[in-house]
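Written out below as structure tokens is the structure these notes cover.
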Amino acid sequence: MDHGRAPVLEAIERYHERGHLPFIPPGHKQGRGVDPRVLDVLGADVFRSDIILMNGIDDRLMSQGVLADAQRLMADAVDADHAFFSTCGSSLSVKTCLITVARPGQRMLVSRNAHKSVIAGLIISGVDPVWVHPRWDARWEWAYPPGADAVAEALDRAPDAAGMLLITPTDYGTCADIRSVADLCHDRGKTLVVDEAWGAHLPFHPDLPAWAMDAGADLCVTSVHKMGAGLEQGSVYHLRGDRVDPDVLRMRADLLDTTSPSALVHAGLDGWRRQMVEHGRELLDRALELGADVRERLADAVTVVGRDDVVGPGRADDHDPLKIVLDLAGLGISGYTANEWLREHHRVDVGLSDHRRIAAQITVADDRDTVDRLVAAVTDLAAHAPDLPRAARVDVPDPGELELEQAVLPREAFFADAEHVPLERAVGRVCAETISPYPPGVPAALPGEVITQPVVDYLRSGREAGMYLPDPTDSDLETVRVVARP
């Protein structure tokens, strides 16, 4: 296929050249109706290229195949049979995959390190999750994706499961052995879905962890806006093999997708694919070199978590070197404090921050100037660490205490009659809401699970230490929503 083409971008360009005059949405009509004060901030070109798909960049019958051509090129670029663009992020894409593979009431294996969007999918679908618990590292106080042994055990427990949803890489860059999990699932006639939201770049360089489609997965979800160069909300889900009917996948997607997709987001996905096919190897070569340089230069200032720290028996199966994870325990400060200090004093923003670390991602967008600024900012943070507030203690549960009992299906608990009880009285009650420290957004408790004292202690101490909890109906976590007793 001709990967020098970008069908969506070309269609937008034609639309401009032909001078179309719309009397259809969007109502701003290529920016003519937008407040000049908005244009001063966002720029006129954003609105000029915000064009509807039907009767916009394509015709009434979608006969030009603009989006279809772009999706075929994407699939070809990453060795998938089909690719589907989503303008609602991987949060929607993973729900689409979930409701395609499993029907309401069916069981499905799910990594317990799942993002909150997966839990939302379980609630919407009524699928019965069979939790596959991740591997716990007491040294770093974090979880790795589950190993093949845990998957095999779960398959024994749930031989009627429709398939499995595996989450890899994690927000910390740690990865599962997708090939082994795929082989286990396929040997038992099960479908493997991989939530690879952090892995859009993986197909384009041999020194990166395995790409799910190449490792045997049937369905794979990627967030191009995370480690790629797409716009926010740009996601692609890929299909390979014959275990999932692409027509059924499209039908399920239609339940959730917006009927007003953004051509801007589609164009970002289209352009990213072209860029990576043509220049991805060299761009990622540079990104990998920059990442290695950052690790080396920061090693004297802070603990830089590397491949040797996380890959091995009982730990992760691989590691993405473009995720720079910095452990701050030796500096005595929390990731929350570090995040805020870097933003205030250096205007350097990091995404992930938890009770003891921060993470910075290196992408094809970085260069010598950006990594120099990152290194300077973190080095300065380390120098000022003695003057910063000491990290508050967070009561992180032991591994066994993280495995809560699923007493009720997530859907049933979420829609059940509920009441709010003080946090200290929630122990033993069935949770009726999702409670996710964010980022990374992995729930500490989810609807249907029985709340335990260690989880209460973890959430209370984490909240006091600076943890952000966007989900609970009581954002201060003084009370918790639980299933009402008869």
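Worth saying up front: this structure is predicted, and the values here are computed from it rather than measured. Residues take their numbers from the sequence shown, with the count starting at 1.
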Option passing side chain to side chain contact (heavy atoms under 4.5 Å, CB included) with [X] (candidates [options]):
X: Val294; options: Val371, Leu322, Val378, Asp372; answer: Val371
X: Val265; options: Val224, Asp270, Thr87; answer: Thr87
X: Cys97; options: Thr191, Asp218, Val193; answer: Val193

Is any side-chain N of the basic residue among [X] and [Y] closer than 4.0 Å to the acidic one's carboxylate O?
X: Arg135; Y: Asp317; value: yes
X: Arg37; Y: Asp40; value: no
X: Arg107; Y: Asp128; value: no
X: Arg240; Y: Asp214; value: yes
X: Arg286; Y: Asp367; value: no

With heavy-atom distances below 4.5 Å as the criterion, would you say the side chains of [X] and [Y] are in contact?
X: Met467; Y: His355; value: no
X: Met164; Y: Lys190; value: no
X: Ser117; Y: Lys95; value: yes
X: Asp309; Y: His319; value: no
X: Cys88; Y: Thr258; value: yes
X: Val78; Y: Phe204; value: yes
X: Met108; Y: Pro129; value: no
X: Trp131; Y: Val110; value: yes

Legend entry - Mutual orientation of the aromatic rings belonging to Trp142 and Trp140 [parallel < 30°, tilted 30-60°, perpendicular > 60°]: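 The rings of Trp142 and Trp140 sit tilted, inter-plane angle from 30° to 60°.
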Legend entry - Test side-chain hydrogen bond (donor to acceptor under 3.5 Å, both in side chains) applied to His115 and Asp195, step by step: CA-CA 9 Å; His115 187 264; Asp195 181 352; over 6 Å; no
Any donor-acceptor pair under 3.5 Å from [X] side chain to [Y] backbone:
X: Asn113; Y: Val442; result: no
X: Ser235; Y: Thr222; result: yes
X: Lys29; Y: Pro22; result: yes
X: Asp318; Y: Cys175; result: no
X: Arg315; Y: Val311; result: yes
X: Arg103; Y: Ala162; result: no
X: Asp366; Y: Thr370; result: no
X: Lys323; Y: Ala359; result: no
X: Arg112; Y: Pro443; result: yes
X: Arg295; Y: Val305; result: yes

Inset, instruction - Give a yes or no on this: more than 12 heavy atoms of other residues, nucleotides or ligands lie within 6.0 Å of atom CZ of Arg343. - result: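 At most 12 heavy atoms, drawn from other residues, nucleotides or ligands, come within 6.0 Å of this atom.
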Inset, instruction - Would you indicate whether Glu296, at its atom CD, is surrounded by more than 12 heavy atoms from other residues, nucleotides or ligands within a distance under 6.0 Å? - result: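 No.
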Within this structure, what is the [atom1]-[atom2] distance for the pair [X] and [Y], rounded to the nearest 0.5 Å?
X: Asp171; Y: Gln361; atom1: CG; atom2: CD; result: 8.5 Å
X: Leu288; Y: Asp293; atom1: CG; atom2: CG; result: 12.5 Å
X: Gln71; Y: His238; atom1: CD; atom2: NE2; result: 10.5 Å
X: Leu122; Y: Ile99; atom1: CG; atom2: CD1; result: 12.0 Å
X: Met227; Y: Ile362; atom1: CE; atom2: CD1; result: 8.5 Å
X: Leu239; Y: Asp81; atom1: CG; atom2: CG; result: 6.5 Å

Inset, instruction - Using salt bridge (Lys or Arg N to Asp or Glu O under 4.0 Å) as the criterion, list what pairs up with Asp2, not counting sequence neighbours. - result: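 Result, salt bridge (Lys or Arg N to Asp or Glu O under 4.0 Å) vs Asp2: none returned.
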Using every non-hydrogen atom in the two residues, find where [X] and [Y] come nearest and quote the distance to one decimal.
X: Ile24; Y: Asn55; value: CD1-O, 3.3 Å
X: Thr174; Y: Ala316; value: CB-CB, 3.8 Å
X: Ile119; Y: Pro447; value: CG2-CD, 4.1 Å
X: Leu269; Y: Met74; value: O-CE, 3.6 Å
X: Ile57; Y: Tyr15; value: N-CD1, 4.4 Å
X: Pro134; Y: Tyr144; value: CB-O, 2.7 Å

Inset, instruction - Evaluate the side-chain contact (heavy atoms from CB on, under 4.5 Å) criterion for residues Val325 and Val310: first the C-alpha distance (whole Å), next the side-chain angles of each, then the deciding distance (0.1 Å), finally the verdict. - result: CA-CA 11 Å; Val325 179; Val310 299; over 6 Å; no
Inset, instruction - Please assess Arg243 against His186 for the test side-chain contact (heavy atoms from CB on, under 4.5 Å), listing each intermediate value before the final yes or no. - result: CA-CA 9 Å; Arg243 293 181 183 276; His186 295 164; 3.2 Å; yes
Legend entry - Reference residue Asp354; test side chain to side chain donor-acceptor pair (under 3.5 Å); the match among Tyr336, Tyr172, Tyr468: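 Considering Tyr336, Tyr172, Tyr468, a side chain to side chain donor-acceptor pair (under 3.5 Å) with Asp354 is found only for Tyr172.
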Inset, instruction - Step by step, work out the side-chain contact (heavy atoms from CB on, under 4.5 Å) result for Leu328 and Ile358. - result: CA-CA 8 Å; Leu328 309 172; Ile358 56 175; 4.3 Å; yes
Inset, instruction - Starting from the C-alpha separation in whole Å, work towards a yes-or-no answer on side-chain contact (heavy atoms from CB on, under 4.5 Å) for Leu67 and Asp58. - result: CA-CA 8 Å; Leu67 180 58; Asp58 210 327; over 6 Å; no
Inset, instruction - Please step through side-chain hydrogen bond (donor to acceptor under 3.5 Å, both in side chains) for the pair Arg373 and His346, ending with a clear verdict. - result: CA-CA 8 Å; Arg373 187 169 167 187; His346 287 270; over 6 Å; no
Inset, instruction - Take Asp471 and Ser436 through the side-chain hydrogen bond (donor to acceptor under 3.5 Å, both in side chains) test and state the conclusion after the steps. - result: CA-CA 6 Å; Asp471 305 311; Ser436 310; 2.7 Å; yes
